[in-house]
Amino acid sequence: MKALGGTSDILPKEAALWQQLEQEARRTLDLYGYQEIRTPLIEEAAVFTHSLGEAAEIVTKQMYLFQDRGGRSVALRPEGTASVVRAFIEHGLDKTAGISRFYYLGPMFRAERPQKGRQRQFHQLGVEVFGSASPYQDVEVLCLLVRLLEIWRVQDWVLKLNSLGCREDRRKILEEVRAKLKLHRSRLCEDCQNRLEKNPLRILDCKEPGCQQVSRGIDVFESVCQNCRGHFQTVLDALKSLRVPFERDPHLVRGLDYYTRTAFEVVHGGLGAQDALGGGGRYDELVQAMGGNTAPAIGFAVGIERILMAQEKGGLESPSLKVFIATVTPREIPVALAWAEKLRARGIPAGVNLEDRPLKRQMEQAAKLGVKQALIFGPDEVNAGVVIIKEMKSGQQEKQPLSSLEANEF
Ligand code: HAM
């Protein structure tokens with residue numbers, strides 16, 4: 001049997017890298033005042049169809065959908081924002097004053113065609129902030145994104161920004177883009193011809209040369225209202241003064257319906273076709289659209305697999321045992337095990353022999369584990385209340401009273 005296509009096992013060696021990345025992220029998120037939220041991996045399908053948009057590809061083509069035993073339509077979560085908004089409203093958090101900052105880390109599911117950097121089960125670290133409409137909140141969120149990339153040793157990224165305006169603007173933009181592109185319908189690829197009616201904005205980020213040529217002159221920002229322009233300008237000015245490098249991308253539209261105003265993506269040249277490390281933006285109307293009070297919001301998510309691909313390697317110390325406890329005969333195993341437990345209780349990583357096998361084999365294992373010292377118990381040592389301490393590097397060994405182990409830091 002094999003893992004399903006587009007899913008993968010994370011074996012211990014790689015898991016150590018994941019743990020390091022997660023620990024670094026949690027420390028950074030603490031510094032910015034974010035708190036973790038964990039939502040279920042399955043949700044009523046409507047949570048996603050109502051928020052991401054009925055025409056969004058994630059909904060039409062990529063959602064893992066099934067009927068549960070009660071006949072409900074259930075989906076594996078394809079992303080985190082909709083679930084967090086659902087939880088935010090369900091627990092009445094939209095009724096409390098102030099700003100809430102959440103983060104989540106976990107698997108997401110999209111039935112896409114697997115390729116390099118694109119999986120069916122992948123992992124995201126996401127953040128969502130509720131309750132602030134300030135453009136400086138956008139800036140702080142972007143600073144957090146950049147800080148994460150720095151602490152993860154990801155270089156050569158490009159931050160792309162655009163503004164999609166408010167709901168009213170979006171409606172206007174949609175009509176204008178549709179009208180402009182309709183004039184060149186026959187030059188669009190088949191997918192984009194279908195998108196003209198349902199999802200014309202997506203044509204702007206189609207990679208087909210024909211579609212790119214047709215949409216080249218379109219800048220959605222031209223249709224954005226004065227207020228939204230002001231908001232975006234403040235964001236750009238603050239980023240400049242903070243020396244956060246960015247590019248304005250008039251074709252950045254994002255694939256989900258809920259975005260308003262600032263939208264962004266971080267791409268990395270070394271990743272190939274799937275070059276987005278992460279993306280996000282404002283979604284000021286989503287909480288209300290999902291049945292909550294008005295709450296402006298902004299967030300982003302990064303793909304952990306892609307971060308690991310883009311990361312400069314090195315610097316990881318894999319956790320290892322410090323000491324190995326060997327036995328001359330199997331009869332000493334209970335004593336050895338008791339000492340292993342005592343050392344572990346003191347926070348010293350210890351391995352212990354549990355098998356009936358020659359001391360030589362045990363020493364080979366100790367060498368392989370890379371421990372500095374081995375402790376050896378034989379029948380004579382146990383009777384005399386001593387232990388042999390062997391320095392693995394030099395091979396030197398000496399007998400010590402058992403009490404010396406109590407203080408030894410290894
Ligand atoms: P998204 O752009 O759909 O946004 O996904 C964010 C990131 O998840 C992508 O940039 C990519 O790194 C990773 N990703 C997406 N699909 C796959 C895949 N099939 N295989 C591997 N990695 C993938 C969202 O999901 C929004 N919820 C982000 C957000 C949060 N917006 C506001 N708040």
Could you walk me through whether R118 and Q115 pass side chain to side chain donor-acceptor pair (under 3.5 Å), step by step?
CA-CA 5 Å; R118 190 161 74 184; Q115 64 179 89; 2.9 Å; yes

Cation-pi between R229 and F221: NZ/CZ under 6.0 Å from ring centre and within 45° of the ring axis?
yes

Would you say the side-chain atoms of T260 pair up with the backbone N or O of D284, donor to acceptor, closer than 3.5 Å?
yes

Quick check for you: to the nearest 0.5 Å, what is the distance between Q121 atom CD and E305 atom CD?
8.0 Å

Checking side-chain polar atoms at under 3.5 Å, does Q23 have a donor or acceptor matched by the opposite partner on R26?
no

Let me see the working for Q62 and E57 under side chain to side chain donor-acceptor pair (under 3.5 Å), right down to the final yes or no.
CA-CA 7 Å; Q62 299 169 358; E57 266 155 39; 5.0 Å; no

Assess whether a salt bridge exists between E43 and R86, defined as any Lys/Arg side-chain N lying under 4.0 Å from an Asp/Glu carboxylate O.
yes

Check: E208 side chain, C189 main-chain N or O, donor-acceptor pair, under 3.5 Å:
no

E364 bridged to K360 by N-O distance under 4.0 Å:
yes

The test is ring pair (Phe, Tyr, Trp, His ring centres under 6.0 Å); show your working for F246 and F264 and say whether it passes.
CA-CA 10 Å; F246 64 86; F264 52 89; over 10 Å; no

Should E140 and R101 count as an ion pair when the cut-off is N to O under 4.0 Å?
yes

Do R261 and Y283 have side-chain atoms, one donor and one acceptor, less than 3.5 Å apart?
no

Are any of the side-chain nitrogens in K198 or E54 under 4.0 Å away from the carboxylate oxygens of its partner?
no

Supply the atom-to-atom distance H251 NE2 to D219 CG, rounded to the nearest 0.5 angstrom.
7.0 Å

Looking only at atom types and distance, does a side-chain atom of R187 sit under 3.5 Å from a main-chain N or O of G210, one as donor and one as acceptor?
no

So, the side chain of Q193 versus the backbone of L188: is there a donor-acceptor pair under 3.5 Å, distance only?
yes

Could you verify whether a donor N or O on one side chain and an acceptor N or O on the other, from D237 and Q233, lie under 3.5 Å apart?
yes

Between F130 and F88, is a ring pair (Phe, Tyr, Trp, His ring centres under 6.0 Å) present by the stated rule, with each step listed?
CA-CA 9 Å; F130 298 96; F88 185 71; 4.1 Å; yes

Answer yes or no: are there more than 12 heavy-atom neighbours, outside L308 itself, under 6.0 Å from its atom CG?
yes

Assess the residue pair E285 and Y258 against the criterion (side chain to side chain donor-acceptor pair (under 3.5 Å)); give the C-alpha distance rounded to whole Å, side-chain angles, the decisive distance to 0.1 Å, and a yes or no.
CA-CA 7 Å; E285 331 233 341; Y258 51 62; over 6 Å; no

Interatomic distance, CG@L204 vs CZ@R195, rounded to 0.5 Å, equals 10.5 Å

Which heavy-atom pair separates R77 from S83 by the least distance, and what is that distance?
CB-OG, 4.3 Å

Taking atom types as modelled, find out whether Q20 and E22 have a side-chain donor-acceptor pair closer than 3.5 angstrom.
no

With no hydrogens and no angle check, do the side chains of Q124 and E79 hold a donor and an acceptor under 3.5 Å apart?
no

Could you check whether K399 pairs with E381 (Lys NZ or Arg NE/NH1/NH2 to Asp/Glu carboxylate O, under 4.0 Å)?
yes

Within a 6.0 Å radius of atom NZ on K172, are there more than 12 heavy atoms belonging to other residues, nucleotides or ligands?
yes

Salt bridge flag under 4.0 Å for residues E24 and R153
yes

Using 30° and 60° as the class limits, which term best fits the ring planes of W339 and F377: parallel, tilted or perpendicular?
parallel

Ion pair present between E265 and K160, side-chain N to carboxylate O less than 4.0 angstrom?
no

From Y103 OH over to L148 CG, what is the distance, rounded to the nearest 0.5 angstrom?
11.0 Å

From D275 atom CG to K116 atom NZ, the distance as rounded to the nearest 0.5 Å
10.5 Å

Write down the atom of R282, the atom of S134, and the distance for their closest heavy-atom approach.
NH2-O, 3.2 Å

Testing the basics here: between V352 and R344, what is the closest heavy-atom pair and its distance to 0.1 Å?
CG1-NH2, 3.8 Å

What distance do T262 atom OG1 and D138 atom CG have between them, rounded to the nearest 0.5 Å?
4.0 Å

Electrostatic pair R171-E168, nearest N-O below 4.0 angstrom
yes

Minimum heavy-atom distance S73-L65, with the two atoms named
OG-CD2, 3.9 Å

When you compare the side chains of Q212 and S215, does any donor N or O come within less than 3.5 Å of an acceptor on the partner?
no

